[in-house]
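Only one structure is covered here, and it is reproduced in the block below.
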Amino acid sequence: MSEKIAFLGLGNLGLPIAESLINAGYELTVWNRTSSKAEPLVKLGATVVEDALEAITPGGIVFSVLADDAAVEEIFSMELVEKLGKGGIHVSMSTISPETSRQLSQIHEWYGASYVAAPIFARPEAVKAGVGNICLSGKAEAREIVKPIVQTFVKGVYDFGDDPGAANVVKLAGNFMIAASLEMMGEAFTMAEKNGISRQSIYEMLTQTLFAAPIFQNYGRIVAQHAYEPVAFRLALGLKDIKLTLQTASDVNVPMPMADLIKNRFVSALAKGRDNLDWGALAMGASDDAGL
């Protein structure tokens, strides 16, 4: 495989991932709807193109980090996949529906290309530090080619087999668990606050003892301090993910009552005009309910 990679999507996650790939020695051709976001990468040697199709090398590798199902389906048109063609690999890092991944995989196969789902568990600062974790699923041969590439910017690579939708199921499950943890901490810290205990002190005690894990330590600090800016992951994207979780559960007749609660927290937060905040702001719902 060539050391050249096409990279589509330079949002909060895409930009540090692309930067890590360049630092690892890969030659990147990048595309983003707002081309000015590529300026930091140009200084590192990346080539910027005005059209996603331009970035594609027949038989090459393309990474995409796009916002949602609609964006992935729009960018990866039949024309683009046909150009990627035989031997080409599309590494899709977006959090999208498992069914969308399965459909995209089938379209890629029609043109001799491979589709690998590769959603990442990492906020931008975790990508920069190389401590994120990534899930892979899709054709075995393609997964083996992709693994050493993604290992340049994550700590752990977890293989979930041939079903192209499997990695997306895991990603949705994980994001649901993070959102549920935000709700849990929001409620617990609010109860403490109304009893005269500072949010910071209960956070420090619990995350050094019973809940000494990255999600509680990192997000707990955000919830304890109500520090929902700068935005690493927007509230609207959190709502998108929880809706996908509920749909994926419904498809196999799995009730998820807590996911329904979380969805309503997101809807409420957006209705209150908090769309400019990080998704951790869903924890503000507990404070709202308590009159704080």
Side-chain angles (χ1 to χ4, degrees), residues 1 5-9 11-14 17-18 20-21 52 56 60-78 80-81 84-85 87-123 126-127 132-178 233 237-238 240-249 251-252:
M1 271 291 171
I5 292 175
F7 200 98
L8 313 182
N12 286 342
L13 273 180
I17 291 170
S20 296
L21 287 168
I56 303 302
I61 296 177
V62 53
F63 275 69
S64 66
V65 189
L66 303 167
D68 52 28
D69 295 55
V72 179
E73 290 176 318
E74 177 189 349
I75 299 304
F76 282 84
S77 62
M78 293 287 193
L80 190 148
V81 178
L84 181 61
I89 299 174
H90 172 198
V91 184
S92 175
M93 300 189 67
S94 303
T95 302
I96 58 175
S97 160
E99 196 53 42
T100 296
S101 273
R102 292 171 185 131
Q103 291 170 4
L104 285 166
S105 179
Q106 188 173 51
I107 292 168
H108 282 63
E109 283 186 24
W110 291 343
Y111 294 101
S114 298
Y115 174 94
V116 176
I120 187 172
F121 285 101
R123 287 168 73 86
V127 172
N133 295 287
I134 201 164
C135 305
L136 297 180
S137 65
K139 192 177 293 184
E141 297 88 341
R143 295 200 314 272
E144 291 308 310
I145 291 169
V146 169
K147 282 178 185 177
I149 301 175
V150 299
Q151 281 169 341
T152 63
F153 58 85
V154 298
K155 178 180 67 176
V157 179
Y158 297 87
D159 192 325
F160 286 91
D162 296 342
D163 173 11
N168 297 112
V169 174
V170 176
K171 173 63 171 173
L172 292 174
N175 276 14
F176 159 68
M177 292 177 71
I178 295 171
F233 188 67
L237 292 175
K240 179 264 296 183
D241 286 359
I242 210 70
K243 284 181 175 179
L244 289 176
T245 301
L246 285 164
Q247 183 58 58
T248 301
D251 288 345
V252 290

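All heavy atoms count here, side chains included; hydrogens, waters and symmetry mates do not.
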Salt bridge (Lys or Arg N to Asp or Glu O under 4.0 Å) contacts in which one or both residues fall within residues 133-147, not counting sequence neighbours: Arg143-Asp159, Arg143-Asp162, Glu144-Lys147, Lys147-Asp159
Just by modelled atom types, is the Ser101 backbone N or O under 3.5 Å from a matching donor or acceptor in the Ser105 side chain? no
Quick one: does Gln106's side chain get under 4.5 Å of Tyr115's, heavy atoms only? no
At their closest point, which heavy atom of Ile75 faces which heavy atom of Ala52, and how far apart are they? CG2-CB, 3.9 Å
Might you point out which heavy atoms bring Thr100 and Glu73 nearest each other, and give the distance in Å? CG2-OE2, 3.8 Å
Would you say Asp163 and Pro98 make side-chain contact, with heavy atoms under 4.5 Å? no
Between CG of Leu136 and CZ of Phe160, what distance do you get to the nearest 0.5 Å? 9.5 Å
Specify whether His108 and His90 have parallel, tilted or perpendicular ring planes, treating 30° as the upper limit for parallel and 60° as the lower limit for perpendicular. parallel
Would you name the heavy atoms of Ile56 and Ala6 that are closest together and state the gap between them? CD1-CB, 4.2 Å
Give the minimum heavy-atom separation between Ile120 and Lys171, together with the two atoms involved. O-NZ, 2.7 Å
Donor-acceptor pair, distance only, cut-off 3.5 Å: does the side chain of Thr152 make one with the backbone of Ile149? yes
Decide yes or no on side-chain contact (heavy atoms from CB on, under 4.5 Å) for Val62 and Phe76, but give the supporting numbers first. CA-CA 11 Å; Val62 53; Phe76 282 84; 4.0 Å; yes
Non-hydrogen atoms of Phe121 and Gly174 that approach each other most closely: CE2-CA, 3.7 Å
Here the gap from Leu237 atom CG to Leu13 atom CG, rounded to the nearest 0.5 Å, amounts to 10.0 Å
With Ile145, the side-chain contact (heavy atoms from CB on, under 4.5 Å) member among Val91, Val116, Ile89: Ile89
For residues Phe7 and Ile17, determine if any side-chain heavy atom of one lies less than 4.5 Å from a side-chain heavy atom of the other. yes
Okay, side chain of Ser94, backbone of Leu66: is any donor-acceptor separation there less than 3.5 Å? yes
Output the distance between atom CG (Leu80) and atom OG (Ser64), rounded to the nearest 0.5 Å. 9.5 Å
Would you mind reporting whether Asn175 and Thr245 have side-chain heavy atoms less than 4.5 Å apart? no
Closest approach of Ala113 to Leu84 (non-hydrogen atoms, all atoms of both residues): CB-CD2, 4.1 Å
Any side-chain heavy atom of Asp241 within less than 4.5 Å of one from Phe233? yes
Expected output: side-chain Asp69 to main-chain Ile96 donor-acceptor under 3.5 Å: no
Should Pro164 and Leu104 count as side-chain neighbours, where that means a heavy-atom distance under 4.5 Å? no
Show the numbers, then the answer: is there a side-chain contact (heavy atoms from CB on, under 4.5 Å) between Val154 and Asn133? CA-CA 6 Å; Val154 298; Asn133 295 287; 5.9 Å; no
Is Ser137 reaching over with its side chain to a backbone N or O of Ala167, donor-acceptor style, under 3.5 angstrom? yes
